[in-house]
Amino acid sequence: MSDSLKINLAILPEDGLRLRFSEGNAWFQGCFAGDAPPEFSLVSADADCLITRSGDTIYVRGDLSAQMSRECSRCLEPATISAGGAFAYTLVPEKTETAQDLELSAEELETGCYRGDFIDLAPIICEQIVLVAPMKFLCAENCRGLCPHCGVNLNTGSCSCRSETVDDRLAALKKFTVKK
Ligand SMILES: [Zn+2]
Ligand SMILES: [Zn+2]
């Protein structure tokens, strides 16, 4: 549950806290309460985190492995993508006077603020999932997409309107999709 990702700094062990967890889409969507959630759904996320501190500064280092799904941007069939990697995040205590300045530099340096004795890993992990998600989901690297004329899925069928001209238009359509 999400509550297990709240860490009480008052009892953080001297040599750091190791935390492993797995979450799914319900948890992920819940992290965006009030905000627009990403357009993909989370199949699963596994993270292995080490939380350490030096004075008031908290360091989160982790390894993320996520699977996410969305319709293929070429053929519109479901596409599941694996992504992840190592990440590092630094948290400093929130100071009311300089809170705004800190927040500004925070985004550039992957630094955040915490208040009181607790930090919540959930928004940090969700941010990492969004960061590693691809801009474009493809069911397969060589997905042939849909025929721009009749809409047939060219991975599973063929149609009679395919020709050199159609291929050129399809290429143009792909470029358009990438820019979007
Ligand atoms: Zn596809
Ligand atoms: Zn066709």
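Treat the numbers as computed from the prediction; the structure is a model and nothing was measured. One-based numbering along the sequence shown.
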Of the non-hydrogen atoms in [X] and [Y], which two are nearest, and what is the gap between them?
| X | Y | answer |
| --- | --- | --- |
| Leu138 | Ile81 | O-CD1, 3.7 Å |
| Cys159 | Cys147 | SG-SG, 3.7 Å |
| Cys75 | Leu146 | O-CD2, 3.6 Å |
| Asn153 | Asn155 | OD1-N, 2.9 Å |
| His149 | Cys161 | CB-SG, 3.8 Å |
| Gly112 | Tyr89 | N-CE2, 3.7 Å |

Can you check whether [X] reaches [Y] side chain to side chain, under 4.5 Å on heavy atoms?
| X | Y | value |
| --- | --- | --- |
| Ser65 | Asp63 | no |
| Phe32 | Pro38 | yes |
| Tyr114 | Asp120 | no |

Please evaluate residues Cys113 and Leu91 with respect to the criterion side-chain contact (heavy atoms from CB on, under 4.5 Å), reporting the C-alpha separation (whole Å), side-chain torsions for both, the decisive distance (0.1 Å), and the verdict.
CA-CA 5 Å; Cys113 295; Leu91 292 141; 6.0 Å; no
Donor-acceptor pairs are to be reported for all side-chain atoms of residues 54-62 against protein atoms at under 3.5 Å, with residues two or more places apart or in another chain.
none

Pair Thr80, Phe40 - check side-chain contact (heavy atoms from CB on, under 4.5 Å), show working.
CA-CA 10 Å; Thr80 301; Phe40 60 85; over 6 Å; no
Sequence neighbours left out, what passes side chain to side chain contact (heavy atoms under 4.5 Å, CB included) with Ala83? Give chain and number order.
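With neighbours one apart ignored, the set is Met68, Val132.
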Which residues share a side chain to side chain contact (heavy atoms under 4.5 Å, CB included) with Ser41, sequence neighbours left out
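Side chain to side chain contact (heavy atoms under 4.5 Å, CB included) list for Ser41, sorted by chain: Asn25, Ser69.
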Distance in Å, [X] [atom1] paired with [Y] [atom2], rounded so as to fall on 0.5 Å steps:
| X | Y | atom1 | atom2 | value |
| --- | --- | --- | --- | --- |
| Met135 | Ser73 | CE | OG | 10.5 Å |
| Cys49 | Leu64 | SG | CG | 8.5 Å |
| Ser44 | Trp27 | OG | CH2 | 11.0 Å |

Pairs touching residues 35-49 that satisfy salt bridge (Lys or Arg N to Asp or Glu O under 4.0 Å), sequence neighbours left out:
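For residues 35-49, and leaving out neighbouring residues, the salt bridge (Lys or Arg N to Asp or Glu O under 4.0 Å) pairs sorted by first residue read Arg18-Asp48, Arg20-Asp48, Glu39-Arg70.
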Kindly write out the residues that satisfy side-chain hydrogen bond (donor to acceptor under 3.5 Å, both in side chains) with Gln67, not counting sequence neighbours, or none if the list is empty.
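Expected list: Ser82.
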Intermediate values then yes/no, side-chain contact (heavy atoms from CB on, under 4.5 Å), Phe118 and Ile7:
CA-CA 5 Å; Phe118 286 87; Ile7 291 153; over 6 Å; no
List the steps, then state whether side-chain contact (heavy atoms from CB on, under 4.5 Å) holds for Val152 with Leu154.
CA-CA 6 Å; Val152 77; Leu154 298 172; 3.7 Å; yes
Solution key, residues 8-17 side-chain donor-acceptor pairs under 3.5 Å, sequence neighbours excluded:
{"residue": "Asn8", "atom": "OD1", "partner": "Ala10", "partner atom": "N", "Å": "2.9"}

